[in-house]
Amino acid sequence: MGSSFLRMLVQLAIIILYSKKLSITDYGLYQSVWMYVNIFSLISLFGLPSLLLSNSPKNVLFWIKQHVAFFASIAAILNFLPILYVFFAANDFNISTKCLLVCLIVVQNVAIIMETLIIKREKERLLFITNLIFIVGYFVCHLVVLDTTYSIDTIIVGIIFLTIIKIFHQWKFSKQATSYATIENDEQIGKQWFYLGINDIVGVIFKWVDKWFILLFISLSQFAIYFNGSYEIPLYGLMISAVGNIMLVEYSKSKADLNKKTKAIFENSTKFLSYIVFPSFCFLLFFYDDVFRLVFGGKFETGIPVFLITIFLIPLRITNFTTVLQVLNKSNLILKGAILDLVIALLLMLALYPILGLKGLALACVVSTYIQAAYYLWHTSKLVKEKISYFIPFRNLITTMLISLFTIGIFFWVSKKIVQPYNILFGFICASILIVLFLLYNYKKIKNNINH
């Protein structure tokens, strides 16, 4: 979590800095590098990190040796297809950038596997230290290149070099770790690997499909504008990850009284996160124009309507909707939900883009995400044999949202007389105070219940 939070801050700082310093085309080219790296890295790894985390690495290695021809052919296809795409379809890059991009994908894949093994070996301190050094180097590399002669090739070379150093350092200090569990011939590994891989690929394609659509059929400059407009603050993802892990731990203690446990866990998670998420959503809803202009500058202002639509994803970040499905081993339902999300998004994009342009692409992703959340909640209600309203406290959520809208709306009206950026600071302080008051109220209520 510490590493992820620091990386998020550095990436956000670079996005703001590069948005203001680079031309729209250069900025679009820079962000397209990370689109290719993120997509093709997950495709070529095909769920292997998740498989290593959920099984003994020795068992995974033993299964690979037992099915070496099958594994080698699948791995070759999964790694060869991205390379072909980069060299023959990524027309915005020259040949040297394409070669460096392929090298970066390969090196990042090795780094991800290494980090997975370190987590498995419970070497979290080593992981944090090496990631901290990498993040600092990553930030310095971007600053140096920007202040000298900007080149996308130089940035990629610097990141490859830093990643190799990180891999070597992690390997050197973790190779004497204790061994894993004894080898077992578990034929379920192959099936689990398939589900994890498909789920990862569908998830990453959905995350980037709208941006890839623009890059393929529209232009690099429009891609850059849409990227900033559709940028979703990663902090909410980190909170969902943390809360989701806690939910899974609580569920896994015992599967007895699943109905009562589902009600308690969903109520607590949604209430707690809504006290943070809803005021911040309302702040962005009222101050979106000023916030976007302050962060990204005036040259990306055509992305403001996209940003306004993307904001409506934030209210969904109040719980992990798949926890019950994970605990009950309903991986097939989770995968079906991900595929449903992707298919609906693609269909809506084709229907809405001719009418609304870039706004239509953003709206398609928002609508499909709400449908996916409803799909997971519906299946959860079937599994616990109760209505959705039984374990989701809709009355409390509506009350929290209305209070947030009313309070921050008043502050927004008052702040119109204040000069930018002080009006944004005024609204941010208001939202922060509201979050603190909500959390204190929640803490006091829980404490009274415990005492009672």
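Taking the ring centroids of Phe391 and Phe266, they lie under the 6.0 Å cut-off. Within the 6.0 Å centre-distance limit, the rings of Tyr36 and Phe93 are counted as a close aromatic pair. The ring of His142 has its center closer than 6.0 angstrom to the ring center of Tyr30. The aromatic ring centroids of Phe307 and Tyr231 lie 6.0 Å or more from each other. Proximity of the aromatic rings of Tyr85 and Phe40 is defined here by a centroid distance below 6.0 angstrom, and this criterion is met. Between Tyr353 and Phe213, the distance from one ring center to the other falls under 6.0 angstrom.
In plain terms, the two heavy atoms of Phe46 and Leu78 that are nearest each other are CB-CD1, 3.4 Å. For the residue pair Phe206 and Ser368, the shortest heavy atom distance occurs at CE1-OG, 3.3 Å. A pairwise comparison of heavy atoms in Val202 and Ile339 identifies CG1-N, 3.7 Å as the closest pair. Annotation for Phe312 and Tyr370: closest pair O-OH, 2.6 Å, computed over non-hydrogen atoms. The two atoms that bring Leu361 and Asp210 nearest to each other are CD1-O, 4.0 Å, heavy atoms only. Ala224 and Ile24 get closest at one heavy-atom pair: CB-O, 3.5 Å.
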Exercise for the section: Show your reasoning for whether side-chain contact (heavy atoms from CB on, under 4.5 Å) applies to Phe300 and Phe292. Expected result: CA-CA 9 Å; Phe300 290 95; Phe292 190 88; 4.0 Å; yes
Exercise for the section: Decide side-chain contact (heavy atoms from CB on, under 4.5 Å) for Asn423 and Lys416; before the verdict, give the C-alpha distance in whole Å, the side-chain angles of both, and the deciding distance to 0.1 Å. Expected result: CA-CA 7 Å; Asn423 63 329; Lys416 286 184 176 181; over 6 Å; no
Handout entry: Step-by-step side-chain contact (heavy atoms from CB on, under 4.5 Å) determination, Met401 to Leu397
Key = CA-CA 6 Å; Met401 179 63 81; Leu397 296 179; over 6 Å; no
Exercise for the section: For the pair Ile311 and Tyr288, evaluate side-chain contact (heavy atoms from CB on, under 4.5 Å) and give the outcome as yes or no after the intermediate values. Expected result: CA-CA 9 Å; Ile311 286 169; Tyr288 72 93; 3.6 Å; yes
Exercise for the section: Begin with the C-alpha distance, continue with both residues' side-chain angles, and end with the deciding distance and a verdict on ring pair (Phe, Tyr, Trp, His ring centres under 6.0 Å) for Tyr376 and Phe321. Expected result: CA-CA 6 Å; Tyr376 288 143; Phe321 295 102; 7.7 Å; no
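One finds the CG atom of Leu285 at 10.5 Å from the CZ atom of Phe287 (value rounded to the nearest 0.5 Å). How far CD of Gln170 is from CD1 of Ile129: 11.0 Å, rounded to the nearest 0.5 Å. Taking CG of Leu101 as the start and CD1 of Ile160 as the end, the distance is 8.5 Å to the nearest 0.5 Å. Taken to the nearest 0.5 Å, the CD1 atom of Ile43 stands 13.5 Å off from the CD1 atom of Ile77. For the atom pair Asn396 CG and Ser274 OG, the distance stands at 6.0 Å (nearest 0.5 Å). Interatomic distance, CD1 of Ile314 versus CD of Glu232, reported as 6.5 Å (0.5 Å rounding).
Remark: the Asn228 side chain and the Ser19 side chain contain an N/O donor-acceptor pair separated by less than 3.5 Å. A side-chain donor-acceptor contact under 3.5 Å links Thr97 and Asn94. Using a 3.5 Å distance cut-off with no hydrogens or angles, the side chains of Ser151 and Asp153 do not pair a donor with an acceptor. A side-chain donor-acceptor contact under 3.5 Å links Ser221 and Ser219.
By the neighbour-count criterion of 12 heavy atoms within 6.0 Å, atom CZ of Phe161 is sparsely surrounded, having that number or fewer from other residues, nucleotides or ligands. Other residues, nucleotides and ligands place more than 12 heavy atoms under 6.0 Å from the NZ atom of Lys299. More than 12 heavy atoms of other residues, nucleotides or ligands sit less than 6.0 Å from atom CZ of Phe394. Within a 6.0 Å sphere centred on NZ of Lys20, heavy atoms belonging to other residues, nucleotides or ligands number more than 12. More than 12 heavy atoms of other residues, nucleotides or ligands sit less than 6.0 Å from atom OH of Tyr275.
Both tests pass for Lys166 against the ring of Phe134: distance under 6.0 Å to the centre and angle within 45° of the axis.
Side-chain contact between Pro82 and Ile105 is absent, with no heavy atoms from C-beta onward closer than 4.5 Å. When side chains are defined from C-beta on, Leu363 does not count as touching Lys359, because their heavy atoms never get closer than 4.5 Å. Contact of the Leu346 side chain with the Val343 side chain is not registered, since no non-hydrogen atoms from C-beta on lie closer than 4.5 Å. Looking only at side-chain heavy atoms (C-beta outward), Leu273 and Met239 come within less than 4.5 Å of each other. In this structure the side chain of Ile233 reaches within 4.5 angstrom of the side chain of Leu284, judged on heavy atoms. Contact of the Leu405 side chain with the Phe278 side chain is not registered, since no non-hydrogen atoms from C-beta on lie closer than 4.5 Å. Residues Val102 and Cys99 have side chains not in contact (no heavy-atom distance under 4.5 Å, counting atoms from C-beta outward). With a 4.5 Å cut-off on side-chain heavy atoms, Lys330 and Ile334 do not count as touching.
For the pair Asp341 (side chain) and Gly337 (backbone), a donor-acceptor distance under 3.5 Å is absent. With hydrogens and angles disregarded, a donor-acceptor distance shorter than 3.5 Å links the side chain of Thr130 to the backbone of Leu127. The closest donor-acceptor contact from the side chain of Asn79 to the backbone of Ala75 lies under 3.5 Å. Panel note: side chain Ser44, backbone Ser41; a donor-acceptor pair is recorded below 3.5 Å. Put simply, the side chain of Ser415 never gets that close to the backbone of Ile418: no donor and acceptor are under 3.5 Å apart.
Ring geometry, Tyr27 versus Phe227: the interplanar angle exceeds 60°, so the pair is classed perpendicular (tilted spans 30 to 60°).
When each of Thr154, Ile152, Thr148 is tested with Tyr150 by the rule side chain to side chain contact (heavy atoms under 4.5 Å, CB included), just one qualifies, namely Ile152. Partner Phe438 forms a side chain to side chain contact (heavy atoms under 4.5 Å, CB included) with one of Ile435, Leu434, Leu440 and no other, that one being Leu434.
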